[in-house]
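Single-structure report; data block below.
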Amino acid sequence: MSKYKGKRVLIVGFGISGVATAKYMTKQGAKVTVTDMKQKSELAEAVNACEELKIEWELGKHNNKTFHTAELIVVSPGVPLNIKPLEEAREKQIPIISEIELAAQSLKEPIIAVTGTNGKTTTTALIGEMFKAFEKVPYVGGNIGKPLIDCVTEGLKTDVVIAELSSFQLELRDKLVPAVAVFTNLEPDHLDRYPDMAAYTAAKKRLLQACDRNSYVVLNYDCANIAKFAEENPGKLMWYTKRNPIDIGGQFAENFSGCYYQAATKQIIAKIGGKEESYDLTQFRLFGEHNKENLMAAICAARVMGVSQKAIQTVINTFKGVSHRLEFVRKKDGVYFFNDSKGTNVMSVKKSLESFTANPIILIAGGKDKNMEFTPLVDLVTKKCKILILLGEAKEKINRAIGDFAETYLVGTFEEAILLAYQKSRSGDIILLSPGCSSYDMFRNYEERGDYFKKIVNQL
C-alpha cells in the first residue's frame, strides 16, 4: 500500500512539475488539493491535462486553512518559499518538499545531478547522449523539461537518471544523494528571488551537501566560485579545466583527476582512475569555449559511471547541441540567425558574444529583469555589437547600462525587434537573440520565446 494513500497532499504552484506531482499523487491514492495564485483561465492547459483526476482546486488565491490542514505540501520550483502560508505551515511542522525530492525518495537508479548558472542543459544533454551511445537507457529530466517524478509514475525501466537541477529545485533537498554531482559555474543570477549572491550560492551548495563519501563531485577549476566548493567537498573530487594541470602545479597537478583541454592538439585529456586517455575535438560542432567546459564536465560524469571511451567519442563527433542555446536557425541573404533564448542572465550573454570571433553582431536582448547588473557587458558590446535592439520590461535598464556603446533601438514587440534587426543587417552579420532576462513578461517560458523567434525568422 502506498504511504500516501488517503493523505491530504497540497500542491503549491501548478506548472509542469505541479501537473506531474498531481498525476503521481492521485495514482498513489492521496487526497490532492492544488493551489495557485493564477486564475483557472491562466492555467487552462495544466488544468485540462488533469481533468480526469480527482483534485480539489483553489485557484486565484491561497487559503491558509488548506495549508494548515495538509499532511504534506509539495512546492513547485517557481513558488518562493517565504510566502506566508508556507511559513505558517513550517511553524506547524507540516512536511514541505519539492517534486525533485519526492522523486529522489522513490528512484532506485543512480542519479547524476547537474547544476550551475549556465551550461546545465548542454552538459545534462551530453551525458544523456553518452549513455545512449553506450546502449544504456537514461532518464533525462528535472529542469531540462521532463519532471523526475514522471519516471516513477510511468514505471520506466532505466539504467541511470540524469537530472538538471536549478537553485529553486535544490532549496528543499533532503534525502537526495547523487552518485555524481556536476557543478558547471556560478555567476550572479535570480537576484529577484535571492537577496544576494551568498543566498544564491547557498542554494546551489545544497547539492554539494547532498553528496556522501561515495559520490563523485565534478568541479570547474576555471570558475573561482565553484573551485571554492572543494574546501567543503565530502565526496570523490574530480576537476575539469582549460589549463594543463602541470602549469597549475603543486598538489593540484600531483593529485589531478578529471579532464583538461589541450588547445594545441584540439584534444581533451582525461585522467581518471590512474589512466590517461584523449578525445579528439576536430569534429565537435558546438560554438564557444564554454562548450568545451560543458563537454569536459560530461566526460567526467559519464566516464566514472562506466560509459566507454568509444561511446563518448561518438557523441563528441555527432552532438548538434540543444534547442534555444546558441542554436543556429538559418542563413538568409548572407545573414546568420542564432537563437539563444535560454541565455537568461548576463554571464550567459557574455559567453554567447564571446563565441563569435569576427562577424558583426546585432544583439536582441531584454525581457523580465531578474535584478541583474548589465554593465559587465560593456566591453563585449563595444567590441562585437554593431547594433543593440532592446525590448521587454528591462529595456530601459539595459539601455542605461550599455546603450551608449552601440547603435541602439528600443522596440515594443518581439516581432518588431526581429524585423528591425533584419532590416539593419548586411551580409556577414549575425543576428543573435540572447536576452539576458527571463521571458515571463511576454512568454510562458524561454522555449516559447525561442520557438517564436525561429518561427518569425523562418518566415522572412
Please tabulate, one pair per line, all N/O donor-acceptor pairs under 3.5 Å involving side-chain atoms of residues 451-460, not counting sequence neighbours.
unit_1: Lys454; atom_1: NZ; unit_2: Glu327; atom_2: OE1; d: 3.3
unit_1: Lys454; atom_1: NZ; unit_2: Glu327; atom_2: OE2; d: 3.1
unit_1: Asn458; atom_1: ND2; unit_2: Lys454; atom_2: O; d: 3.0

Side-chain polar contacts of residues 431-446 - donor-acceptor pairs under 3.5 angstrom, sequence neighbours left out - could you list them?
unit_1: Ser434; atom_1: OG; unit_2: Asp340; atom_2: OD2; d: 2.7
unit_1: Ser438; atom_1: OG; unit_2: Lys368; atom_2: O; d: 3.4
unit_1: Ser439; atom_1: OG; unit_2: Asn445; atom_2: O; d: 3.2
unit_1: Ser439; atom_1: OG; unit_2: Tyr446; atom_2: N; d: 3.2
unit_1: Asp441; atom_1: OD1; unit_2: Lys368; atom_2: N; d: 3.4
unit_1: Asp441; atom_1: OD2; unit_2: Glu393; atom_2: N; d: 3.0
unit_1: Arg444; atom_1: NE; unit_2: Glu448; atom_2: OE2; d: 3.0
unit_1: Arg444; atom_1: NH1; unit_2: Glu45; atom_2: OE1; d: 2.6
unit_1: Arg444; atom_1: NH2; unit_2: Glu448; atom_2: OE2; d: 3.3
unit_1: Asn445; atom_1: OD1; unit_2: Glu447; atom_2: N; d: 3.2
unit_1: Asn445; atom_1: OD1; unit_2: Glu448; atom_2: N; d: 2.8

List the atom pairs, with distances to 0.1 Å, where a side-chain N or O of residues 412-423 and a protein N or O form a donor-acceptor pair under 3.5 Å, not counting sequence neighbours.
unit_1: Thr413; atom_1: OG1; unit_2: Glu416; atom_2: N; d: 3.1
unit_1: Glu416; atom_1: OE1; unit_2: Gly412; atom_2: N; d: 3.2
unit_1: Tyr422; atom_1: OH; unit_2: Asp333; atom_2: OD2; d: 2.4

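Using a cutoff of 4.0 Å between basic side-chain nitrogens and carboxylate oxygens, Arg206 and Glu171 are not scored as salt-bridged. The pair Asp189-Lys370 meets the salt-bridge criterion, since a charged nitrogen lies less than 4.0 angstrom from a carboxylate oxygen. Ion pairing between Lys92 and Glu88 fails under the 4.0 Å rule for side-chain N and carboxylate O. For the pair Arg90 and Glu87, the salt-bridge criterion is not met [side-chain N within less than 4.0 Å of a carboxylate O]. Under the 4.0 Å criterion applied to side-chain N and carboxylate O atoms, Lys205 and Glu232 are assigned as salt-bridge partners.
Ala302 and Met130 make their closest contact through CB-SD, 3.7 Å (heavy atoms, listed as atom of the first residue, atom of the second, distance). Between Ile268 and Cys259, the closest heavy-atom pair is CG2-CB, 3.9 Å. Here the closest non-hydrogen pair linking Ile127 and Ala301 is CD1-CB, 3.8 Å.
Between atom CG of residue Leu326 and atom CG of residue Asn339 there is a gap of 9.0 Å, rounded to the nearest 0.5 Å. Separation of atoms OG1 (Thr122) and CG (Asn291) is listed at 5.5 Å; rounding is to 0.5 Å.
Listed by chain and number, the residues in a side-chain contact (heavy atoms from CB on, under 4.5 Å) with Ser166 are Asn143, Phe168, Gln169 (sequence neighbours excluded). Listed by chain and number, the residues in a ring pair (Phe, Tyr, Trp, His ring centres under 6.0 Å) with Tyr200 are Tyr194 (sequence neighbours excluded). A search for salt bridge (charged side-chain N to carboxylate O under 4.0 Å, His left out) contacts involving Asp429 returns Lys386, not counting sequence neighbours. Scored by the salt bridge (charged side-chain N to carboxylate O under 4.0 Å, His left out) test, Asp36 finds no partners at all (sequence neighbours excluded). Residues passing the ring pair (Phe, Tyr, Trp, His ring centres under 6.0 Å) test with Phe252, sequence neighbours excluded: Tyr221, Trp239, Phe256. Every residue two or more places apart in sequence or in another chain that forms a side-chain contact (heavy atoms from CB on, under 4.5 Å) with Asn317 is listed here: Gln283, Gln313. Listed by chain and residue number, nothing satisfies the salt bridge (charged side-chain N to carboxylate O under 4.0 Å, His left out) test with Lys204 (two or more places apart in sequence, or in another chain).
The backbone N or O of Asp404 lies less than 3.5 Å from no partner atom in the side chain of Thr408, so there is not a single donor-acceptor pair. Judged by distance alone, the side chain of Glu354 and the main-chain N or O of Glu289 form no donor-acceptor pair under 3.5 Å. A distance-only check finds a donor-acceptor pair linking the side chain of Ser215 to the backbone of Asp212 [under 3.5 Å].
Pairs passing the side-chain hydrogen bond (donor to acceptor under 3.5 Å, both in side chains) check and including a residue from residues 259-268, sequence neighbours excluded, read Gln262-Thr265, Thr265-Gln267. For residues 356-404, every residue pair satisfying the ring-ring contact (aromatic ring centres under 6.0 Å, His included) rule, not counting sequence neighbours, is listed here: Phe287-Phe356, Phe338-Phe356.
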